[in-house]
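Note that this is a predicted model, so its numbers are computed, not measured.
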Amino acid sequence: MKIRIRNKDTLVVVDVQKDFCPGGALEVPQGDEIIPILNKYIEIFASHAAPIVVTRDWHPENHSSFKDYGGVWPRHCVRDTEGAAFHAGLNLPKDTIVVSKATEPEKDAYSGFDGTNLEKALKGQGITRIFVGGLATDYCVKATVLDALRLGFCTFVLLDAIKGVNIVADDSERAIIDMLEKGAIGITFQDL
Ligand code: VGL
Ligand code: ZN
């Protein structure tokens, strides 16, 4: 498949933060290995004046998803801490749009659309196609892709630029099948 990126397309890079990379508080195995290919996608989108969005998990210190507060996850991506920072290897253009999610103590949000202005921001610019990569395949990438489909975006999942946690083996495999079955189009860099 050859896809020509245009300025009404958007690249959405999900949660490529230190805490989700090896050595981080909630590490995705080999999570950092997708960074070079994400940078290649970023370059292509930037060269076509297509907007680039990065989401970030941006929790308060007492977030309800943390084990200490009744949740299932170790403390991670606490706002304004080192672990919540984007991985330094990610080459983000100056005009990158940053979307913070799960910012309230009581509510978790895996999807970049959940509780944010992302839908409005994209639809307001006439964006119809979005291309999603990042971390983690089986949580925030999947939730973001499924929301995008539900909201009517033509949604591509970047199969060579996602990585999963796999708390249960094959979770990522199942997440990919689920996204494709619901209408996402799976592509890799050579499709651009
Ligand atoms: C995520 C677990 C908890 C993710 C965020 O970005 O996939 N996973 N919070
Ligand atoms: Zn989180």
Side-chain angles (χ1 to χ4, degrees), residues 1-17 20-21 26-46 48 50-57 72-73 87 90 97 99 101-102 108-116 118-123 125-192:
M1 189 179 359
K2 270 295 175 196
I3 299 162
R4 193 193 301 260
I5 298 303
R6 39 185 197 236
N7 65 359
K8 292 295 177 195
D9 296 327
T10 293
L11 176 65
V12 178
V13 177
V14 176
D15 295 8
V16 181
Q17 294 165 271
F20 293 126
C21 290
L26 180 39
E27 60 183 308
V28 176
Q30 291 136 33
D32 55 343
E33 288 181 9
I34 62 172
I35 291 172
I37 185 88
L38 278 170
N39 284 335
K40 287 174 55 175
Y41 282 107
I42 288 168
E43 234 177 79
I44 293 241
F45 279 71
H48 288 86
I52 294 161
V53 172
V54 289
T55 70
R56 63 181 180 188
D57 221 21
V72 295
W73 302 112
H87 191 288
L90 200 60
I97 300 160
V99 172
K101 63 185 174 59
D108 206 4
Y110 289 151
S111 161
F113 291 97
D114 189 355
T116 71
L118 183 56
E119 179 189 9
K120 265 206 178 129
L122 297 182
K123 290 190 174 166
Q125 291 188 67
I127 302 293
T128 56
R129 301 198 302 184
I130 76 168
F131 295 72
V132 184
L135 306 171
T137 308
D138 34 359
Y139 291 94
C140 290
V141 169
K142 175 182 155 185
T144 302
V145 165
L146 296 186
D147 265 357
L149 289 165
R150 229 176 17 78
L151 295 168
F153 292 100
C154 178
T155 308
F156 296 82
V157 54
L158 308 178
L159 296 173
D160 52 355
I162 55 176
K163 231 16 141 196
V165 191
N166 291 316
I167 289 175
V168 177
D170 300 337
D171 272 357
S172 293
E173 222 27 68
R174 271 191 293 273
I176 290 169
I177 290 168
D178 202 15
M179 291 187 273
L180 300 181
E181 274 180 359
K182 294 199 163 105
I185 303 160
I187 63 165
T188 59
F189 192 75
Q190 64 200 28
D191 290 313
L192 299 188

Exercise. Check whether any side-chain heavy atom of V16 lies under 4.5 Å from a side-chain heavy atom of F20, and answer yes or no.
Key: no
Exercise. Decide yes or no for K142 and M179: does some side-chain heavy atom of the first lie under 4.5 Å from some side-chain heavy atom of the second?
Key: yes
Self-check item: Pairing residues for F113 by the ring-ring contact (aromatic ring centres under 6.0 Å, His included) criterion, not counting sequence neighbours
Solution: F153
Quiz item: Taking C-beta and beyond as the side chain, do P51 and I97 meet within less than 4.5 Å on heavy atoms?
Solution: yes
Report all side-chain donor-acceptor pairs from residues 125-138 shorter than 3.5 Å, counting only partners two or more places apart or in another chain.
from	atom 1	to	atom 2	distance (Å)
R129	NE	D9	OD1	2.8
R129	NH2	R4	O	3.1
R129	NH2	D9	OD2	2.9
T137	OG1	K163	N	3.1
T137	OG1	K163	O	3.1
T137	OG1	G164	N	3.2
D138	OD1	V165	N	2.9
D138	OD2	V165	N	3.3
D138	OD2	N166	N	2.8

Practice problem: Please round to the nearest 0.5 Å and tell me the distance separating atom SG of C140 and atom CD of Q17. | Solution: 9.0 Å
Quiz item: Quick one: are L180 and V157 in side-chain contact, heavy atoms under 4.5 Å?
Solution: yes
Quiz item: Is there a side-chain contact between L11 and I42, using heavy atoms and a 4.5 Å cut-off?
Solution: yes
Exercise. Please lay out, stage by stage, how T144 and T55 fare under the test side-chain contact (heavy atoms from CB on, under 4.5 Å).
Key: CA-CA 10 Å; T144 302; T55 70; 5.6 Å; no
Practice problem: Give every residue pair that meets the salt bridge (charged side-chain N to carboxylate O under 4.0 Å, His left out) criterion with at least one member in residues 148-160, sequence neighbours excluded. | Solution: D147-R150
Quiz item: Who pairs with E27 by side-chain hydrogen bond (donor to acceptor under 3.5 Å, both in side chains), at least two apart in sequence or on another chain?
Solution: none
Quiz item: What distance separates E43 CD from L38 CG, expressed to the nearest 0.5 Å?
Solution: 12.5 Å
Quiz prompt | Reported NE2-to-CD1 distance for the pair H87 and I34, which is rounded to 0.5 angstrom | solution = 10.0 Å
Quiz item: How long is the span from the CD atom in Q30 to the SG atom in C21, to the nearest 0.5 Å?
Solution: 11.5 Å
Quiz item: Under 3.5 Å, is there a donor-acceptor pair between the side chain of T116 and the main chain of V99?
Solution: no
Self-check item: Contacts of type side-chain hydrogen bond (donor to acceptor under 3.5 Å, both in side chains), residue Y110, not counting sequence neighbours
Solution: W73
Considering only distance and modelled atom types, tabulate donor-acceptor pairs under 3.5 Å from the side chains of residues 182-192, sequence neighbours left out.
from	atom 1	to	atom 2	distance (Å)
K182	NZ	D178	OD1	2.9
D191	OD1	M1	N	3.4
D191	OD2	T188	N	3.0

Self-check item: side-chain contact (heavy atoms from CB on, under 4.5 Å) assessment of Y41 paired with I5
Solution: CA-CA 10 Å; Y41 282 107; I5 298 303; over 6 Å; no
Quiz item: Should K101 and D57 be marked as a salt bridge (charged side-chain N to carboxylate O under 4.0 Å, His left out) after you check the CA-CA gap, both sets of side-chain angles, and the distance that decides it?
Solution: CA-CA 5 Å; K101 63 185 174 59; D57 221 21; 3.0 Å; yes
Self-check item: Any L90 side-chain heavy atom under 4.5 Å of N39 side chain
Solution: yes
